[in-house]
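Chain A is the first sequence line, chain B the second, and so forth, proteins listed ahead of strands; every chain is numbered from 1. Side chains are part of it too, since the values below use all heavy atoms of this structure and drop only hydrogens, waters and symmetry mates.
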Protein chains: 6
Amino acid sequence: MWNVSARRGWARAGARAGARAGARGYCTLSHLDEAGRARMVDVGHKRVTERAAAAECYLEVGAALLELLRGARGPKGDALCVAQVAGVLGAKRAADLIPLCHALPLSVARVRIALPPPGAAPRVRLTCEVRARARTGVEMEALSGCAVAALTLYDMCKAVDKRMTITGLRVLRKTGGASGDWPPQGTTPPHET
Amino acid sequence: MWNVSARRGWARAGARAGARAGARGYCTLSHLDEAGRARMVDVGHKRVTERAAAAECYLEVGAALLELLRGARGPKGDALCVAQVAGVLGAKRAADLIPLCHALPLSVARVRIALPPPGAAPRVRLTCEVRARARTGVEMEALSGCAVAALTLYDMCKAVDKRMTITGLRVLRKTGGASGDWPPQGTTPPHET
Amino acid sequence: MWNVSARRGWARAGARAGARAGARGYCTLSHLDEAGRARMVDVGHKRVTERAAAAECYLEVGAALLELLRGARGPKGDALCVAQVAGVLGAKRAADLIPLCHALPLSVARVRIALPPPGAAPRVRLTCEVRARARTGVEMEALSGCAVAALTLYDMCKAVDKRMTITGLRVLRKTGGASGDWPPQGTTPPHET
Amino acid sequence: MWNVSARRGWARAGARAGARAGARGYCTLSHLDEAGRARMVDVGHKRVTERAAAAECYLEVGAALLELLRGARGPKGDALCVAQVAGVLGAKRAADLIPLCHALPLSVARVRIALPPPGAAPRVRLTCEVRARARTGVEMEALSGCAVAALTLYDMCKAVDKRMTITGLRVLRKTGGASGDWPPQGTTPPHET
Amino acid sequence: MWNVSARRGWARAGARAGARAGARGYCTLSHLDEAGRARMVDVGHKRVTERAAAAECYLEVGAALLELLRGARGPKGDALCVAQVAGVLGAKRAADLIPLCHALPLSVARVRIALPPPGAAPRVRLTCEVRARARTGVEMEALSGCAVAALTLYDMCKAVDKRMTITGLRVLRKTGGASGDWPPQGTTPPHET
Amino acid sequence: MWNVSARRGWARAGARAGARAGARGYCTLSHLDEAGRARMVDVGHKRVTERAAAAECYLEVGAALLELLRGARGPKGDALCVAQVAGVLGAKRAADLIPLCHALPLSVARVRIALPPPGAAPRVRLTCEVRARARTGVEMEALSGCAVAALTLYDMCKAVDKRMTITGLRVLRKTGGASGDWPPQGTTPPHET
């Protein structure tokens with residue numbers, strides 16, 4: 001990039017502190033520059049490839065609420081539908097929520113919500129898959145989709161259960177980048193052991 | 001509300017299924033009407049009172065990343081600052097993300113980020129407090145602030161650590177509603193045992 | 001308002017043309033000033049009262065699509081649910097879409113979707129009701145809710161039916177303003193004859 | 001897509017109901033999956049082509065308001081200009097309003113507003129044309145542009161005329177998709193007979 | 001606010017550095033806490049009063065462009081109208097753009113644009129006035145309205161003139177806060193000498 | 001584009017006035033059509049190339065505030081960080097703020113903030129650089145990034161200094177369009193003399 005700040009004598013804010021910081025090595029965080037300043041990563045030189053990512057999280061609920069949700073599932077499913085819709089919008093808005101995240105035209109974003117089998121711990125599983133033909137990965141979109149869907153489900157249930165927790169929000173798989181797929185093919189995702 | 005759908009012969013979508021559903025009791029989910037249709041709760045009759053809520057979550061990270069974040073904390077702290085800023089914006093945007101959530105003019109939203117003491121599990125703690133003079137509570141704003149801050153921190157760290165997990169996103173305290181404070185005064189929040 | 005434009009000699013853009021225009025009377029459009037320039041109406045002096053509005057529109061569809069929607073209504077109703085959710089978000093975003101519309105904290109926004117009785121014309125009815133305690137009316141919010149819900153339903157159905165039309169988008173009722181309720185009590189709304 | 005929901009024993013919400021639904025055939029709505037759940041259509045495999053769409057709608061107004069608008073047209077035209085600007089923004093925001101709609105980088109969006117010839121029915125015609133080089137069509141953008149422009153014009157005129165109706169919102173033409181142009185070349189659009 | 005970060009042993013990021021910082025006095029920046037962390041100011045305890053603010057800026061243009069704008073002013077004025085509309089939307093969106101700014105329901109936002117008298121320096125003057133009944137001032141809304149209007153005018157003119165500059169963006173007047181009006185009554189605003 | 005407005009007898013709003021206007025030549029403003037109506041420029045025929053732009057502006061502050069900002073720069077820098085983050089989000093949102101501006105997927109947006117050397121005039125310099133592979137330039141994104149960053153810094157400092165001014169907001173350089181780089185290679189930007 002151009003050195004537009006380089007007017008003689010102007011102190012790039014934090015420059016000296018940054019020099020010290022560099023010596024301590026945190027510039028390996030690609031979103032911090034050599035002076036410790038936050039920045040977007042430039043993806044202009046990366047190739048457009050097919051990118052995909054999947055994320056998941058859980059909404060832990062009480063047994064009584066789970067029973068209500070099983071009922072809601074049957075004839076109408078609206079509570080789950082509202083959460084799905086919000087999750088898709090959340091995935092599409094990732095770059096508007098996350099400051100250093102790139103806006104990407106998504107090919108698809110899908111959110112699924114599943115209730116636990118009888119006898120399992122009372123928690124709802126939310127997953128989000130995203131695809132795009134883009135210069136950078138889409139895991140933030142998948143994570144945002146899960147998070148917003150879970151918050152929306154929380155919102156609809158909070159009058160019944162005040163102790164819900166959203167937990168286990170993480171990336172399951174990711175393909176298509178120059179750094180290779182993750183987790184590497186042939187290995188089991190750490191989260192599914 | 002007016003019965004604007006009541007044109008003779010027009011089937012309110014899902015009405016019969018809803019009748020069955022009502023018998024099964026899930027209309028105690030206040031965000032579903034008697035037919036199981038999702039809806040906003042009408043807060044027009046509630047009093048304007050001082051509302052407050054606090055939420056927290058954790059970003060579980062690897063030891064190497066934690067070390068980098070400790071370095072970032074020292075001279076500049078930009079990684080944490082970016083996450084804080086995004087969290088405040090996320091709290092202000094809760095009603096735009098969560099479909100059935102009411103837009104409220106917030107008095108304040110604050111996000112704090114803390115690193116664990118030496119020897120503790122490697123995870124970053126994010127908290128968000130929100131206040132408003134409003135007719136309904138602000139826990140969704142506090143949760144959204146935490147979630148967006150954590151996603152933003154995840155985004156900046158994902159090149160270093162692909163196994164991060166956001167966990168334990170929940171409400172810590174909430175005051176000011178007709179239903180009383182939560183958790184009731186004198187009790188310990190379940191999350192702080 | 002202050003006369004901040006009144007620097008001597010500076011031409012308020014369109015001032016002379018506006019003088020002519022005023023003579024032609026269109027300054028009775030409250031959103032145009034005396035020079036014909038668009039402007040928000042100042043509502044600061046109006047009282048906060050309980051405001052409500054209801055709007056409706058129709059999505060005219062082919063008979064085959066209507067049959068599909070009747071099927072969708074039964075077990076899941078997701079197509080209608082997605083449209084409802086989008087409509088609620090649309091109502092909340094009215095002031096972001098409509099430049100001279102005031103942002104109001106809504107007490108509630110509800111969207112309902114109804115399929116026609118057998119033998120009636122093949123069209124889906126969408127209604128939206130909005131309430132707020134505010135200084136100005138909420139009919140734009142109700143109209144926006146209907147419009148966005150109908151567009152969303154259109155989007156989901158467009159692969160099946162390319163000749164759909166959204167029609168009859170209008171205000172049904174409105175209460176709570178200084179200018180009295182509309183339509184006046186005791187009269188029938190013109191749209192329901 | 002990956003089968004991320006396929007944890008043994010977890011009930012995909014609505015799966016059994018969906019099986020029944022599939023038998024009833026509404027899975028031909030491409031925005032519903034085999035279980036009746038709403039979803040975005042994956043456009044990743046489609047080719048990038050030049051896409052265009054045009055839509056129209058009408059704002060039906062009273063004769064007195066039409067006269068005011070004719071006056072506004074002459075010297076300043078601001079009422080119409082505000083509606084045009086809002087329409088362009090509305091077209092650009094279609095994917096933010098319509099949950100399952102893809103965000104596309106538009107090449108152009110144009111909104112035009114025309115007053116009726118003397119003696120014709122008192123209604124304002126709004127049209128919107130959109131172009132993009134994209135993997136999917138732009139008719140939702142064109143429809144959104146019309147709808148938001150019409151709502152904006154409604155907003156500015158509502159103090160004068162409370163019986164306005166937005167009507168006839170539909171697609172006029174669409175080109176560039178794999179499914180061919182619509183209406184097929186050589187035929188007259190159904191709306192222009 | 002609650003001390004939600006006070007888990008024993010957890011380091012509030014930047015705490016020690018903050019202690020040093022406090023000694024250096026910059027905590028008089030009300031948007032930084034005692035540790036130098038950015039934060040929203042809590043306005044919950046302030047009274048709701050009538051607030052108003054006016055701001056201005058200039059778009060410096062070349063003489064040829066000014067001539068074009070004078071022409072645009074006459075019959076249509078659309079270039080100026082587009083900028084006005086964008087400015088009003090920009091004022092309403094201030095809290096979405098400026099992280100630590102409070103969302104306020106505005107009573108009115110107005111943008112005016114004026115061309116210079118013959119012989120004066122070739123620059124366009126943009127002013128924005130905002131009013132709200134709120135707990136905090138509206139100068140950021142007025143400044144945002146000016147800035148977005150000027151950027152929009154720049155955008156429309158940039159093909160003709162690449163050397164435009166937006167300059168002199170500042171608050172002219174502000175009334176209604178506990179700290180009194182600004183500039184104090186009886187004095188001349190510093191910008192109007 | 002299609003002539004969708006060409007229904008016989010319908011008056012394209014402003015057509016006759018426009019004819020007069022055309023004679024006066026302002027249709028060389030590419031964002032106005034031959035009738036003086038604002039419009040987006042169609043960029044569909046332009047080639048996708050690497051585009052870059054840099055912009056700058058200044059926040060003029062009092063000496064006391066500058067001293068506070070120098071202190072803030074040292075240990076934490078949060079005030080500057082908040083402004084940077086807001087600037088990046090502002091650059092990404094340019095097309096949502098500026099009606100006739102095209103939405104582009106940015107490769108990178110970076111905001112830098114620098115304090116003046118001792119003895120220089122008390123003003124903060126903000127720069128923003130943006131890159132994209134796109135069909136049109138990114139100078140509006142760079143300008144928006146500067147403007148929003150400066151407004152954010154203003155917001156955080158306004159309790160200390162009410163006389164701040166944002167000034168000198170302009171494009172420094174721009175490359176990658178069919179019209180060649182600006183300023184032409186080998187020349188000095190006019191702003192850096």
Side-chain angles (χ1 to χ4, degrees), chain A residues 48 50-56 69-70 72-77 79-93 95-96 103-120 123-134 142 146 172-173 175 189 192, chain D residues 1-21 26 29-49 51 92-107 132-138 140-141 144:
Chain A
V48 171
E50 173 76 19
R51 313 275 181 154
E56 71 166 0
L69 288 172
R70 286 195 198 282
R73 178 171 69 93
K76 300 300 313 170
L80 305 183
C81 170
V82 176
Q84 274 186 308
V85 173
V88 170
L89 285 166
K92 292 197 290 183
R93 261 180 231 162
D96 206 43
L104 303 176
L106 305 186
S107 298
V108 68
R110 286 190 185 156
V111 174
R112 293 193 183 93
I113 305 179
L115 303 179
R123 54 181 195 164
V124 182
R125 184 172 186 239
L126 303 102
T127 55
C128 180
E129 296 184 71
V130 177
R131 289 181 180 277
R133 299 188 69 83
C146 280
L172 289 174
R173 289 186 204 80
T175 60
E192 301 204 345
Chain D
M1 317 266 297
W2 298 307
N3 191 0
V4 290
S5 275
R7 289 205 158 183
R8 193 195 316 274
W10 284 70
R12 173 87 159 286
R16 249 164 317 178
R20 288 198 308 275
Y26 66 79
L29 282 173
S30 55
H31 284 76
L32 298 186
D33 67 14
E34 73 287 355
R37 287 262 155 235
R39 62 173 185 183
M40 281 178 83
V41 174
D42 189 347
V43 302
H45 63 287
K46 296 189 181 181
R47 282 196 313 123
V48 171
T49 61
R51 314 272 181 156
K92 293 197 289 182
R93 259 179 233 164
D96 207 42
L97 294 173
I98 302 172
L100 306 180
C101 178
H102 296 82
L104 303 176
L106 305 186
S107 299
R133 299 188 69 84
R135 293 178 207 282
T136 187
V138 290
M140 296 318 302
E141 284 77 7
S144 295

Please state whether the side chain, the backbone, both or neither of [X] comes within less than 4.5 Å of a heavy atom of chain D.
X: A:V111; value: neither
X: A:A55; value: neither
X: A:A52; value: both

Exercise: identify the closest heavy-atom pair between [X] and [Y]:
X: D:M40; Y: A:V88; value: SD-CG1, 3.7 Å
X: A:S107; Y: D:G44; value: OG-CA, 3.4 Å
X: D:P99; Y: A:L89; value: CA-CD2, 3.8 Å

**Report entry** Validation row: A:V108, D:R39 side chains within 4.5 angstrom (heavy atoms)
**Finding:** no
Query - Region of D:A95 in contact with chain A, defined by heavy-atom distances below 4.5 Å - result: both
Query raised in the report: What's the spacing between D:H45 NE2 and A:E50 CD if we round to 0.5 Å?
Result: 11.0 Å
**Report entry** Atom pair CZ (A:R110) and CG (D:L100), whose distance is rounded to the nearest 0.5 Å
**Finding:** 10.0 Å
**Report entry** Qualifying residues under side chain to side chain donor-acceptor pair (under 3.5 Å), relative to D:R93, sequence neighbours excluded
**Finding:** F:D96
Report summary line: A:Q84 meets the side chain to side chain donor-acceptor pair (under 3.5 Å) criterion, sequence neighbours left out, with D:R37
